[in-house]
Amino acid sequence: MDKLMLIDGNSIIYRAFFAMPPLTNSSGQQTNAVYGFTTMLLRLLEEHKPTHILVAFDAGKITFRHKGYEDYKGGREKTPPELSQQFPLLKELLTAFGIAQFELDGYEADDIIGTLSKTADEAGFNVLVVTGDKDMLQLASDHVTVGLTRKGVTEVETYGPEQIQERYGLKPLQIIDLKGLMGDTSDNIPGIPGVGEKTALKLLHQYGSVEEVLAHTDELKGKMKERVETHADDARMSKELATIYRDVTLDKQLEDVVFSGLRAETAGPALAKLEFKSLLERLSLAGEVGSAGADVEEATADVTVLDEQRISELVEVLDHVDVLHVETHGDNPHHAEIVGLIFAAAGRQFFMTMDVLQSEAGTPVREWLAAPERKKRGHDLHRTDLALHWHGIEFAGAEFDVQLAGYLLDPTDANQTLSGLAAKYGLSSIRPDDEVFGKGAKYKVPDVDVLSDHVARKAAVIEALVPVQQAELEKTEMHKLFHELEMPLSRILADMEKQGILVNVEELRGLGKEFEAQIATLVGEIYSIAGVEFNLNSPKQLGEILFDKLGLPVIKKTKTGYSTDAEVLEKLAPYHDIVQNILQYRTIAKLQSTYVEGLLKEISEKTGKVHTYFRQTVAATGRLSSQFPNLQNIPIRLEEGRKIRKVFVPSEPGWSILAADYSQIELRVLADISDDERLKEAFVHDMDIHTKTASDVFGVQAEDVDSNMRRSAKAVNFGIVYGISDYGLSQNLNITRKEAARFIDQYFDVFQGVRRYMDDIVKDAKRDGYVKTLLERRRYLPEINASNFNLRSFAERTAMNTPIQGTAADIIKLAMVQMDAALRKRSLRSRMLLQVHDELVFEVPPEEIETMKELVPTIMEAALKLSVPLKAEVSYGSNWYEAK
DNA sequence: AGCTTCACG
DNA sequence: ACGTACGTGAAGCTA
């Protein structure tokens with residue numbers, strides 16, 4: 001049976017605030033009311049196990065009740081700041097718990113609760129209303145129970161019609177009459193002076209209602225008669241004020257308040273942030289994995305350290321390996337050392353070092369590692385794969401990676417280490433690696449007993465995590481995304497990285513020579529103009545020269561001093577010749593240090609190639625990132641830098657580099673998810689989207705769009721994708737905020753579907769606490785309801801941007817999985833080498849060029865069916881530069 | 001280690 | 001009034 005719990009947020013937090021002793025977190029923020037509220041909430045969850053929950057808050061200062069009676073709640077003390085500061089904390093915590101909350105301008109929490117309890121009652125729910133306010137007893141019915149807090153908030157006493165009868169001798173609705181007669185000083189409801197609970201009850205037991213009492217004043221006597229007659233209007237008005245309005249129009253449906261248990265991956269951190277340690281421990285998620293926690297302790301008790309003789313003990317149970325963990329050292333997985341391996345199998349744990357694995361006796365284990373049908377569960381199997389590969393050991397069959405699962409469950413959590421995951425899921429703790437091994441130069445592998453114990457704990461935690469995360473992935477509908485996209489992709493990425501891309505070193509050194517000469521000239525000129533030599537790479541020294549010595553106007557400041565970024569320098573260029581030289585120096589120096597010297601350092605001695613590492617668990621939107629070296633930011637916009645691309649060449653003679661990129665994928669995704677007719681039509685006809693936007697926004701024919709209009713429209717389109725703000729657009733276009741705001745308004749007037757999307761997605765985020773992509777990838781936005789304007793605005797822009805950027809990321813990932821399958825199926829020799837967000841780069845033998853020219857864009861365009869076509873453009877050449 | 005700058009999508 | 005455009009990684013300087 002469905003059970004709805006409706007909580008009167010204001011009433012409970014108020015009571016909690018006054019009932020709880022002051023409690024402050026380490027940053028000095030008082031948290032006692034949130035703590036009291038949460039304690040009560042957790043107790044209610046355990047006791048009542050609701051399927052639906054809503055916490056209602058009062059909104060705005062003026063409710064419809066004030067319209068008839070201006071003094072309503074007049075006598076009330078102003079909310080103390082120590083309490084009002086706690087509202088945002090509570091709202092943030094509720095969001096993290098996955099509990100819906102709601103407020104509506106002009107209405108009190110009572111009315112929202114009254115309305116929803118009625119709806120739910122009619123829909124056959126059992127309803128529990130939780131409040132500190134006796135008025136709410138009027139809501140009770142056969143299926144609606146009212147819980148009143150007693151003694152602060154620690155206990156809740158529940159009332160149905162029977163209990164109300166027992167306590168007051170009244171029907172639930174007569175509570176309103178009771179209030180009408182006796183009033184309520186806390187809400188400044190007058191009632192009849194001199195009539196308290198006792199008298200009011202006596203009157204009601206005799207006459208039944210305020211109206212009946214007033215109709216029979218002749219039967220009353222003396223002072224009482226006089227009072228009732230003089231204050232008849234007060235009584236009627238008081239009754240009206242006390243009546244909870246049960247027919248508010250809400251855009252809140254019962255399905256919006258479904259509660260499917262505390263959301264473990266966000267509830268834990270949110271409680272930790274508030275420093276509610278005792279609650280963290282008693283939290284149901286700790287209970288949920290409590291037995292797993294015990295298993296961790298047990299599993300680590302028995303670790304067998306294998307040598308060449310004893311390796312057979314593991315070989316015998318290889319069929320039953322539950323978890324594999326390879327402990328590595330080093331940031332770059334291509335160069336990672338392997339400290340040791342641990343296998344959890346048949347309730348035992350087996351540890352070995354690399355020399356054992358690589359010995360003759362290790363052969364069956366190596367075969368097991370290489371067998372794709374032998375499924376592996378572990379942490380960061382992508383890294384494991386690469387590390388083993390460079391040690392001459394092949395790896396296949398990754399089935400469940402707890403790091404990748406942790407990332408999907410909360411992509412913004414930077415700590416996806418096992419130690420972090422263990423803490424988050426309330427498992428037995430793992431010491432941080434830094435502490436066990438030491439960090440940086442102090443890194444040292446400890447004795448084998450310490451080491452094997454440490455990694456055994458890791459294996460045990462992985463084993464405990466797998467079922468918990470699997471359940472969470474199912475609950476959040478991300479299991480398909482995980483098993484069918486991210487897990488397969490991790491193997492594909494590893495393959496691309498092992499393959500690497502060949503660098504023409506002579507060509508790169510040649511470019512380095514050219515840059516070196518240019519830098520020397522520029523530096524000489526700059527020093528001579530400045531009249532002194534200084535460190536050009538120091539923004540501080542450069543600032544002193546420009547602003548103190550040469551007296552140029554200060555355009556912008558940074559935290560630490562003058563800003564000297566390119567935007568500032570552009571504005572300073574007219575004032576002094578030195579500025580242009582500095583800009584040019586910056587450009588070339590960047591190319592030299594990052595792209596010539598940086599790239600040279602990353603070329604593998606073994607292969608002569610660069611083997612980047614695509615990180616699959618860092619970007620909050622679902623994108624990949626690239627490291628060691630970053631091959632996703634190789635210059636292209638300026639010709640000087642673009643030349644760098646010439647050094648990326650095919651690894652076999654006669655082959656070509658082929659690149660295919662999506663055209664306007666983010667705006668096409670926006671067209672699809674916003675369902676904006678105009679935007680969709682633009683893509684159905686494959687128009688130049690910026691020109692089309694300009695023509696629509698400025699109301700001119702497409703052929704009359706000049707370059708300035710197109711440039712503005714392009715900036716607006718970018719802004720839309722980023723989560724538009726007038727300020728951001730004004731900065732980008734160098735116009736005033738007002739003008740930018742006008743552009744945006746005009747844009748939204750034309751693209752009304754986009755406006756609706758932007759409004760709706762922010763609303764959804766405020767309600768759910770997260771946004772998602774077309775493939776159900778989630779991103780939680782805990783700050784979406786923050787009272788701090790900056791934090792909230794940032795979260796709102798993120799809410800707008802993430803579904804767009806994230807869906808585009810989903811699409812190209814799908815294309816990569818499908819591309820990999822197609823290359824295999826057709827036994828093509830072409831190799832996928834790089835992904836650059838909306839672009840895939842391959843090396844292709846000559847006889848496959850024609851095939852790949854067709855195949856790659858075809859697969860990219862069909863990767864996911866949208867309501868607008870996707871478009872991919874392909875080109876190829878003898879190096880990456882030529883593939884344009 | 002944190003800041004500033006700048007390369008990419 | 002509030003002060004930013006979304007997402008990354010690398011290099012060099014400063015404290």
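All heavy atoms count here, side chains included; hydrogens, waters and symmetry mates do not. Every chain is numbered from 1 and lettered A, B, ... according to where its sequence line falls, protein lines coming before strand lines.
A:Asp810 pairs with exactly one of A:Lys772, A:Arg778, A:Arg777 by the salt bridge (Lys or Arg N to Asp or Glu O under 4.0 Å) rule, that one being A:Arg777.
Between A:Phe743 and A:Phe698, the ring centre distance stays below 6.0 Å. With ring centers used as reference points, A:Tyr881 lies 6.0 Å or more from A:Phe648. Ring-centre distance between A:Tyr443 and A:His329: below the 6.0 Å cut-off. Separation of the A:Phe614 and A:His382 ring centroids does not fall under the 6.0 Å cut-off.
Enclosure of atom CZ in A:Arg711 by more than 12 non-hydrogen atoms of other residues, nucleotides or ligands within 6.0 angstrom is indicated. Summarising the local packing, CD of A:Gln580 is surrounded by 12 or fewer heavy atoms from other residues, nucleotides or ligands at distances under 6.0 Å.
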- line: Symbol by symbol from the 5' end, with Watson-Crick or G-U pairs under 3.5 Å, [ ] crossing and | another strand, DNA chain C is .....|||||||||.
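Nucleotides of DNA chain C lying under 4.0 Å from heavy atoms of chain A occupy a range whose first and last members, 5' to 3', are C:dC2 to C:dA15.
With sequence neighbours left out, the side chain to side chain contact (heavy atoms under 4.5 Å, CB included) criterion links A:Thr736 to A:Lys738, A:Glu739. Listed by chain and residue number, A:Asp726, A:Tyr727, A:Ser730 satisfy the side chain to side chain contact (heavy atoms under 4.5 Å, CB included) test with A:Arg737 (two or more places apart in sequence, or in another chain).
Among the heavy atoms of the strands, none lies under 4.0 Å from A:Ala740. Counting any heavy atom pair closer than 4.0 Å across all strands shown, A:Val836 reaches sugar-phosphate atoms only and no base atom. Across all strands shown, A:Arg615 has heavy atoms under 4.0 Å from sugar-phosphate atoms exclusively, and none from any base. Residue A:Ser793 is out of contact with every strand shown, counting any heavy-atom pair closer than 4.0 Å.
Listed in residue order, the members of residues 796-817 of chain A having a heavy atom less than 4.0 Å from DNA chain B are A:Gln805. Listed in residue order, the members of residues 552-560 of chain A having a heavy atom less than 4.0 Å from DNA chain C come to none.
The side chain of A:Arg586 places no N or O atom within less than 4.0 Å of a non-bridging phosphate oxygen (OP1 or OP2) of B:dT5. Applying the 4.0 Å criterion to OP1 and OP2 of B:dG9, one finds that A:Arg623 has every side-chain N and O outside that range.
For A:Thr691 and A:Asp688, the side-chain atoms include at least one donor-acceptor pair closer than 3.5 Å.
Proximity of a side-chain donor or acceptor of A:Glu533 to a complementary backbone N or O of A:Tyr527 within less than 3.5 Å is not detected.
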